Amino acid sequence: MSGDGAPVDEIPPPAVVDLRRMGVERLARLRDEMRSQGVDGAVLMHGPHVTYATGHVPEAVDASHASHRRAMAIVSASDRPARLHAHDAVMEAASGSAETGDPLWPELDDGAGEVGSAIAQVLGDVTGRRVAVDAVTGAMARAGVLRGAELVDASRVLGPARLVKTEDELACLDQAQRHTERAMVAARAACIPGSTRAEVAGAFLAALRDGDSEPGLGYRNGIDPIFQPMPLHRDGGPRTSTGHVAFPIGVENPVFAEGDLVWVDAGVGWQGYMSDFGCTWVAGRAPSPSEQSLCDRWIAVLEASLAVVGPGVTLGDVARAARTVEPDETPWLPQFYLAHGAGLESAEMPMIGTDLGQAFDDGFELAAGMVLVFEPVIWVDGVGGYRAEEVVAVTDDGWRRLGGGDHYEPFRT
Amino acid sequence: MSADLLLARRERVLDAMDSAGIDVLVLGRQDNAGYACGMRRLWTAGTRPFGAGCIVVGATRRIHALSSWDAGIESPMTFDDLYPITWNPRIMAASMAGVDGLARAGRIGVDELTPSFRRAAANFAPRSEIAPADDLMARVRRHKLPGEIEAIASGCAAAWVGVEAALGAAGGTDPAVAAIRALAGVGVTVPSSGVRAEQRGAELAVDVGVICDLYEGGVGGVFAGGRRAGPTALVDACRPGASFDDLSAAAATGDWLVRGLGMGFERPVIGPGVGTGERLEAGMVLSVTDGHHRDVVHVTADGPAVLSQRP
């Protein structure tokens with residue numbers, strides 16, 4: 001790999017994370033953003049936003065469970081402590097600076113009154129004031145909670161605050177990435193002809209937990225791990241609106257056949273920070289020369305992209321660099337991007353090459369501390385596709401890799 | 001999933017919209033969208049920002065869904081009922097404008113309210129009133145159809161696969177890891193509440209919650225010698241008309257919760273400090289937790305029917 005050029009066995013060990021410092025720095029960034037946008041208070045109910053404001057990481061459970069048992073954070077633009085209301089146990093180390101209150105039930109009509117009281121305790125009378133919200137539940141609306149306030153989307157405040165990561169945030173991402181890479185070793189061994197998607201996913205999920213020093217609390221599976229056997233032709237799978245292949249789809253349980261190109265995509269949280277692991281495996285045999293050439297071209301796209309990454313470079317510059325080595329066809333999936341950010345969510349800003357368009361990309365400059373997950377795709381109809389992911393942080397003079405290992409086997413050994 | 005069950009759910013939603021004077025429903029919650037259109041999405045742990053994942057139009061009786069491909073689409077929805085995923089609000093607004101019946105809707109019901117959706121709706125449906133309709137969906141889902149009872153019982157049977165594996169885990173093996181592997185072996189990798197297992201001397205406390213084909217199943221208990229400690233009085237109290245006070249009096253521990261279970265976590269929710277005004281009704285399916293013991297119970301006119309019996 002170019003850039004930092006560190007061979008795999010010389011990649012530095014993970015940095016130590018200072019959870020308390022991370023929490024203090026995040027809250028300060030959030031408040032700076034609130035003040036600069038004239039936002040007086042924030043009422044946060046989206047898990048990653050609660051984590052950013054308070055350090056508390058809600059359990060990784062089904063969305064219906066997560067919504068009913070929501071953690072809530074209420075943050076004033078003034079310097080008083082952030083308020084956290086959580087159903088799960090609160091870990092002191094991560095959430096030390098927040099004051100805690102009883103669990104709230106904002107989904108329920110008989111819980112909305114207490115939500116209103118909690119908001120009043122922290123923010124006072126909100127009439128005529130600007131308050132950032134993730135959402136207002138039906139129960140809150142019926143009870144008149146936040147009535148009279150000028151509501152703005154919390155993502156307008158949290159988005160810019162979260163864009164540039166602190167050193168501790170980068171260290172969390174690095175640690176999540178390394179653990180995902182370790183658990184993927186078991187999944188790859190299970191990905192053989194005759195095994196099913198679910199069996200491979202089970203090997204991954206079991207290894208994820210088996211290698212966790214705080215089982216059930218430490219690493220949390222964030223998205224369905226994807227192990228998708230890809231068709232050889234664009235029109236060999238589900239019908240799409242993009243003209244390209246459908247990915248990711250994970251709702252079926254296919255049996256892998258020898259020679260299947262299997263696209264892998266998984267994200268695991270540690271302290272809320274999401275890894276993003278992508279690669280391509282071949283079930284039951286070594287890559288053919290034509291498949292190997294897909295990977296070689298993928299590496300060339302990655303290297304061309306990374307060669308220009310650094311502070312002050314626009315997203316458009318990176319996209320153009322990627323296209324120079326694949327001039328005939330855009331080397332990423334049309335519904336996605338060449339690269340996306342990562343943090344408390346597995347895909348966040350900055351995103352390069354989306355349908356937001358050229359003007360957006362050319363107007364957005366990279367800065368040190370931003371994260372980019374590159375996920376180009378090289379597709380040759382009849383041969384299939386190669387897709388993998390590489391996670392880097394933008395540094396003062398370029399970039400550095402997050403995660404600990406080379407995961408391009410069996411294409412690079 | 002049976003086509004009849006999906007059609008029955010769809011009719012329930014459309015009928016409820018007629019009764020409530022809601023012309024169009026815009027559903028952001030996966031469980032609500034799954035109820036209305038049967039679409040299985042990739043599960044994402046945790047809360048999700050509101051977006052127009054599924055649109056139900058009363059006038060055309062069509063359901064539209066956010067997807068760039070037809071994988072996981074159930075009849076009668078077709079490829080033509082889909083609008084593509086996008087990062088661009090303008091493209092999304094154009095998709096909304098293309099949904100027949102949305103622009104002239106008098107009232108649009110949503111399962112969560114956000115400033116950005118209000119702003120967008122002011123453009124694609126300028127004369128529409130935006131109203132909360134989470135309660136409409138909760139009411140529809142509150143009483144289960146026979147096909148739903150079957151699906152939930154299947155989910156509970158799957159949960160037992162995990163429990164049995166945890167009980168059979170060899171010494172030195174994490175029982176939760178054994179459960180995760182066994183569940184994957186029967187094709188179940190999507191948790192609802194997930195797998196919890198705690199060895200305490202000769203006893204194993206275990207709780208498994210899964211999602212199978214959109215429906216939740218679960219069971220929990222304290223096991224000694226492979227046998228689960230008996231059901232609690234709380235299960236027996238789950239009868240039509242039971243009040244908060246009835247349930248509270250029956251609970252053996254201070255850590256109890258009776259809540260709807262169907263396509264995940266549903267209403268009613270009754271437990272310490274919540275749901276004091278609720279009464280149980282025949283047709284509900286409930287997850288009934290008292291300490292470490294958990295059963296899934298169908299409330300019938302004849303009393304509680306436990307769906308989470310050991311197979």
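Values reported hereafter were calculated over all heavy atoms of this structure, with side chains retained and with hydrogens, waters and symmetry mates removed. What you are looking at is a predicted structure, and each value in this text was computed from that prediction instead of being measured. Numbers restart at 1 for each chain; the letters A, B, ... are given by sequence-line order, proteins then strands.
- With a 4.5 Å cut-off on side-chain heavy atoms, B/Glu266 and A/His68 do not count as touching.
- Every salt bridge (charged side-chain N to carboxylate O under 4.0 Å, His left out) that B/Arg142 has, sequence neighbours left out, goes to B/Glu278, B/Glu281.
- Of the listed residues B/Asp70, B/Thr189, B/Asp31, B/Ile180, the one with more heavy-atom pairs under 4.5 angstrom with chain A than any other is B/Asp70.
- For the options A/Ser155, A/Ala206, A/Gly111, heavy-atom pairs under 4.5 Å to chain B are most numerous at A/Ala206.
- Put simply, the side chain of A/Asp355 gets close to the backbone of B/Trp87: a donor and an acceptor are under 3.5 Å apart.
- Each of B/Val110, B/Thr276, B/Asn88 has some count of heavy-atom pairs under 4.5 Å with chain A, and the biggest count is that of B/Asn88.
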Discussion item. Using the rule given for ring-ring contact (aromatic ring centres under 6.0 Å, His included), can you reason through B/Trp69 versus A/Phe247, listing the C-alpha separation, both sets of side-chain angles and the distance that settles it, and then say yes or no?
Written reply: CA-CA 9 Å; B/Trp69 41 78; A/Phe247 179 85; 8.2 Å; no
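- Remark: the backbone N or O of A/Ala135 is not paired with any side-chain donor or acceptor of B/Thr114 at under 3.5 angstrom.
- Residues A/Thr240 and B/Ser68 form no side-chain contact, since every pair of their non-hydrogen atoms from C-beta on lies 4.5 Å or further apart.
- With hydrogens and angles disregarded, a donor-acceptor distance shorter than 3.5 Å links the side chain of A/Ser64 to the backbone of B/Phe265.
- With a threshold of 4.5 angstrom between heavy atoms, B/Arg196 approaches chain A through side-chain atoms but not through N, CA, C or O.
- Taking CG of A/Asp62 as the reference point, atom OG of B/Ser192 lies at 6.5 Å (rounded to 0.5 Å).
- Judged by distance alone, the side chain of A/Asn253 and the main-chain N or O of B/Gly187 form no donor-acceptor pair under 3.5 Å.
- Salt-bridge annotation for B/Asp134 and A/Arg142: present, with a side-chain N of the basic residue lying under 4.0 Å from a carboxylate O of the acidic one.
- To the nearest 0.5 Å, atoms CG (B/Asp80) and CZ (A/Arg239) are separated by 6.0 Å.
- Between chain A and the residues B/Pro84, B/Ser116, B/Gly72, the largest count of heavy-atom pairs under 4.5 Å involves B/Ser116.
- Using a 4.0 Å cut-off between a side-chain N of Lys or Arg and a carboxylate O of Asp or Glu, A/Glu107 and B/Arg259 do not qualify as a salt bridge.
- No part of A/Phe360 comes within reach of chain B, as not one of its non-hydrogen atoms sits under 4.5 angstrom from that chain.
- Only the side chain of B/Arg119 comes within contact range of chain A, with heavy atoms under 4.5 Å apart.
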Worksheet entry | Step-by-step salt bridge (charged side-chain N to carboxylate O under 4.0 Å, His left out) determination, B/Arg40 to A/Glu252 | CA-CA 10 Å; B/Arg40 288 170 293 162; A/Glu252 306 297 339; 3.3 Å; yes
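- Here the side chain of A/Asp110 pairs a donor or acceptor atom with the backbone of B/Gly275 at under 3.5 angstrom.
- Both the backbone and the side chain of B/Pro49 come within contact range of chain A, with heavy atoms under 4.5 Å apart.
- With a 4.5 Å cut-off on side-chain heavy atoms, B/Pro89 and A/Leu356 count as touching.
- With a 4.5 Å cut-off on side-chain heavy atoms, A/Thr137 and B/Asp111 do not count as touching.
- Of the atoms belonging to B/Gln30, not a single heavy atom falls under 4.5 Å from chain A.
- At a cut-off of 3.5 Å, with distance as the only test, a side-chain donor of A/His46 or B/Thr47 sits close to an acceptor on the other residue.
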